[in-house]
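Some notes on the structure that comes next.
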Amino acid sequence: MTYAHETRRRRTFAIISHPDAGKTTLTEKLLLFSGAIQIAGSVKARKASRHATSDWMEIEKQRGISVASSVMQMLYREHVINLLDTPGHKDFSEDTYRVLTAVDSALMVIDAANGVEAQTRRLIEVCRQRDTPIITFVNKMDREVRDPLDILDEVERELGMPCVPMTWPVGQGKSFGGIVNLRTQAMTVFDSGSERLPQDFETIPLTEQAQLAERFGLEWQAAMDSMELATGASPAFDEAAFLAGKQTPVFFGSGVNNFGVMEVLDALVDLAPPPRPRTSSVWVNKQPVVKEIQPEDSAFSGVVFKVQANMDANHRDRIAFVRMASGKYTPGMKLKVQRTAKELRPTSVVTFLSQRREAVDEAYAGDIIGFTTHGGVQLGDTITDGANLLFTGLPFFAPELFMTVILKNPLRTKQLQQGLDQLGEEGAIQVFKPEIGGPMLLGAVGQLQFEVVQHRLKAEYDCDVRLEGCQYTGARWITADTPAELREFTNAYPQRMSLDAAGTLAYLCTSPYDVRLAQERFPKIHFHPLREHAGLALGSAG
């Protein structure tokens with residue numbers, strides 16, 4: 001049996017950008033246009049009762065930023081679109097990196113006034129490593145912004161790939177007249193206001209040159225000249241190059257005004273790829289053999305790329321987000337967690353519209369489904385309906401900041417342990433348990449992660465904690481060629497040994513020299529700045 005008809009209808013993509021480029025606003029508009037929500041929430045209007053659909057955590061509502069990626073599913077033009085909104089803030093980049101392993105394409109949002117910013121560069125690197133196709137949306141054209149040719153030039157330099165304009169702006173800021181759609185050869189006239197729908201905008205075919213020139217004057221002429229330069233310098237759109245991550249189609253618009261967004265939604269259906277094959281290891285005669293799993297295969301398989309605790313404060317539940325790689329999910333299926341070989345019995349399985357959930361009747365490769373679990377599932381776990389295979393590639397980065405957790409009320413030790421176990425398993429923070437005992441250590445990529453965890457421990461687990469600085473400045477996961485070598489090393493550095501949330505052994509360092517000295521002393525020990533998932537360490541030594 002093949003599910004090719006269903007998998008070809010799927011599009012699974014992530015929205016990536018620097019903070020404040022308008023990513024969450026754009027997510028809202030895409031949902032609005034597909035009919036998934038009736039009214040788009042303003043991200044900035046924090047005091048209003050209506051918050052952005054994709055920002056559900058209390059702390060997100062207070063700060064007006066996204067600190068956790070969220071998943072939304074919508075139907076548009078007979079296609080099932082799975083959209084993953086990611087945190088733009090660099091302190092939560094780990095969550096974003098993991099989300100990027102679960103998608104088939106990315107939509108990069110760029111603020112037209114600021115161009116390509118630091119956080120966007122890091123995300124582009126991850127996309128480039130995986131050859132993820134990128135569609136670019138240049139936002140905020142209704143403000144005073146940079147010249148579109150400059151922006152294209154910068155995107156090309158930063159991405160290291162040519163841009164192919166699909167729409168082109170006429171004017172900018174107060175004189176922003178609209179966009180020319182090069183695919184339909186028509187101009188859509190800009191009209192400000194966040195309540196407009198795409199069909200409300202006036203469209204004029206490019207054959208009406210005289211009318212357009214008279215109506216938009218110098219702006220029209222300047223736009224035609226720059227468009228001619230841009231299209232002359234750009235290659236024609238090449239589907240194979242785009243799918244290989246070697247070319248990016250570029251769209252212009254204003255997300256907050258619902259303008260230029262429909263063109264992006266159409267591009268996701270027309271240009272972005274359906275689910276792709278995924279590489280896995282299959283055990284044959286106790287040896288791993290690399291095998292390509294096709295999305296239309298009948299056997300169910302998927303990867304847990306995110307675990308979120310307490311999405312529903314009333315039920316204290318945990319949801320494992322699974323990106324389906326093949327097969328079909330139906331309620332009541334028997335599933336197995338490959339790492340532990342245990343049967344997975346989810347109490348409920350849902351698809352998402354941020355916090356709104358709907359029970360799943362069926363799901364196919366490319367879909368993101370949520371299993372409600374009570375433990376036993378970790379980030380990076382492979383889930384199948386029986387086949388013994390393993391997907392890899394979910395990255396955990398060695399933290400750069402450490403804090404010691406001090407509980408204010410010692411009677412809450414059990415709750416603290418539960419909270420740290422769950423937050424560690426979901427990847428909100430990295431939790432290290434020193435082998436010789438003593439307080440737990442929290443490791444983070446950015447300072448804001450500590451604040452969020454402190455907030456969540458109090459709000460969700462009723463644990464008031466103080467976070468104190470400690471001497472550690474880094475960690476490396478360690479492996480050795482033989483158990484004896486590993487034992488010798490751990491005996492030499494007992495005070496530096498700790499276990500992370502997945503039970504993987506890590507060496508804590510107080511300076512970059514620590515690793516170098518330990519490496520010289522024990523050349524057969526491998527130090528990893530990255531681990532892929534539960535017990536599988538990868539990365540260069542040092």
Side-chain angles (χ1 to χ4, degrees), residues 105-113 115-116 120 124 133-143 145-173 175-190 198 201-255 259-273:
S105 56
L107 173 58
M108 177 170 71
V109 185
I110 289 176
D111 181 328
V116 180
T120 319
I124 289 165
I134 299 173
I135 292 172
T136 302
F137 180 67
V138 181
N139 196 16
K140 307 187 182 179
M141 288 307 298
D142 56 317
R143 301 190 184 177
V145 294
R146 288 165 52 182
D147 183 80
L149 286 170
D150 278 357
I151 294 168
L152 284 199
D153 188 47
E154 185 178 32
V155 171
E156 289 198 354
R157 270 200 322 275
E158 295 289 349
L159 264 74
M161 64 169 108
C163 293
V164 182
M166 291 287 181
T167 63
W168 196 256
V170 176
Q172 52 154 278
S175 60
F176 181 45
I179 51 171
V180 172
N181 188 330
L182 294 156
R183 293 173 77 201
T184 60
Q185 290 292 298
M187 178 176 171
T188 306
V189 179
F190 176 69
F201 293 109
E202 182 188 357
T203 305
I204 305 168
L206 292 193
T207 47
E208 305 283 335
Q209 284 285 335
Q211 184 195 340
L212 289 162
E214 186 183 344
R215 186 158 164 191
F216 298 102
L218 290 173
E219 299 294 350
W220 172 257
Q221 198 48 57
M224 287 303 96
D225 292 346
S226 62
M227 187 171 88
E228 201 175 312
L229 276 173
T231 51
S234 306
F237 178 71
D238 178 336
E239 188 182 20
F242 164 63
L243 294 178
K246 295 189 168 32
Q247 194 186 76
T248 178
V250 181
F251 296 81
F252 291 83
S254 165
F259 191 75
V261 177
M262 201 61 156
E263 289 76 359
V264 174
L265 199 48
D266 283 325
L268 284 161
V269 168
D270 298 335
L271 310 179

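Here the structure is a predicted model, which means the values were calculated and not measured. FYI, the numbering just counts along the sequence from 1.
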**Item:** Separation between CE of Met187 and CD of Gln209, rounded to the nearest 0.5 Å
**Value:** 11.5 Å
**Request:** For side-chain contact (heavy atoms from CB on, under 4.5 Å), just list the numbers for Met108 and Ile110, CA-CA rounded to whole Å, side-chain angles, deciding distance to a tenth of an Å, and then say yes or no.
**Result:** CA-CA 7 Å; Met108 177 170 71; Ile110 289 176; 3.7 Å; yes
**Pairs flagged by side-chain hydrogen bond (donor to acceptor under 3.5 Å, both in side chains) wherever residues 229-253 is involved - sequence neighbours left out** = Thr136-Thr248
**Complete:** Rounded to the nearest 0.5 Å, the CD1 atom of Ile179 sits from the CZ atom of Phe201 at a distance of 9.0 Å
**Prompt:** Got a sec: does the CD of Glu214 have more than 12 other heavy atoms crowding it under 6.0 Å?
**Reply:** no
**Intermediate values then yes/no, ring pair (Phe, Tyr, Trp, His ring centres under 6.0 Å), Phe176 and Phe259** = CA-CA 11 Å; Phe176 181 45; Phe259 191 75; 5.7 Å; yes
Distance-only criterion, 3.5 Å: show the donor-acceptor pairs between side-chain atoms of residues 160-167 and protein atoms not counting sequence neighbours.
| residue | atom | partner | partner atom | Å |
| --- | --- | --- | --- | --- |
| Thr167 | OG1 | Phe252 | N | 2.8 |

**Item:** Exceeds 12 heavy-atom contacts within 6.0 angstrom, atom CD of Glu228
**Value:** no
**Message:** Would Trp168 and Ser226 count as a side-chain contact (heavy atoms from CB on, under 4.5 Å) here? Give the steps.
**Reply:** CA-CA 9 Å; Trp168 196 256; Ser226 62; 3.0 Å; yes
**Message:** Looking at Arg146, I'd like to know if its CZ atom is crowded, meaning that more than 12 non-hydrogen atoms belonging to other residues, nucleotides or ligands lie closer than 6.0 Å.
**Reply:** yes
**Message:** On a heavy-atom basis, which atom in Trp220 and which in Ala213 lie closest, and how many Å separate them?
**Reply:** CD1-CA, 3.6 Å
**Complete:** From the list Ile134, Ile135, Val264, side chain to side chain contact (heavy atoms under 4.5 Å, CB included) with Pro249 holds only for Ile135
**Salt bridge Glu202-Arg215, side-chain N to carboxylate O under 4.0 Å** = yes
**Complete:** Contacts of Arg183 meeting salt bridge (Lys or Arg N to Asp or Glu O under 4.0 Å) (sequence neighbours excluded), chain-then-number -> Asp270
**Asked** Which distance, rounded to the nearest 0.5 Å, do you find between the OG of Ser105 and the CG of Leu271?
**Response** 10.0 Å
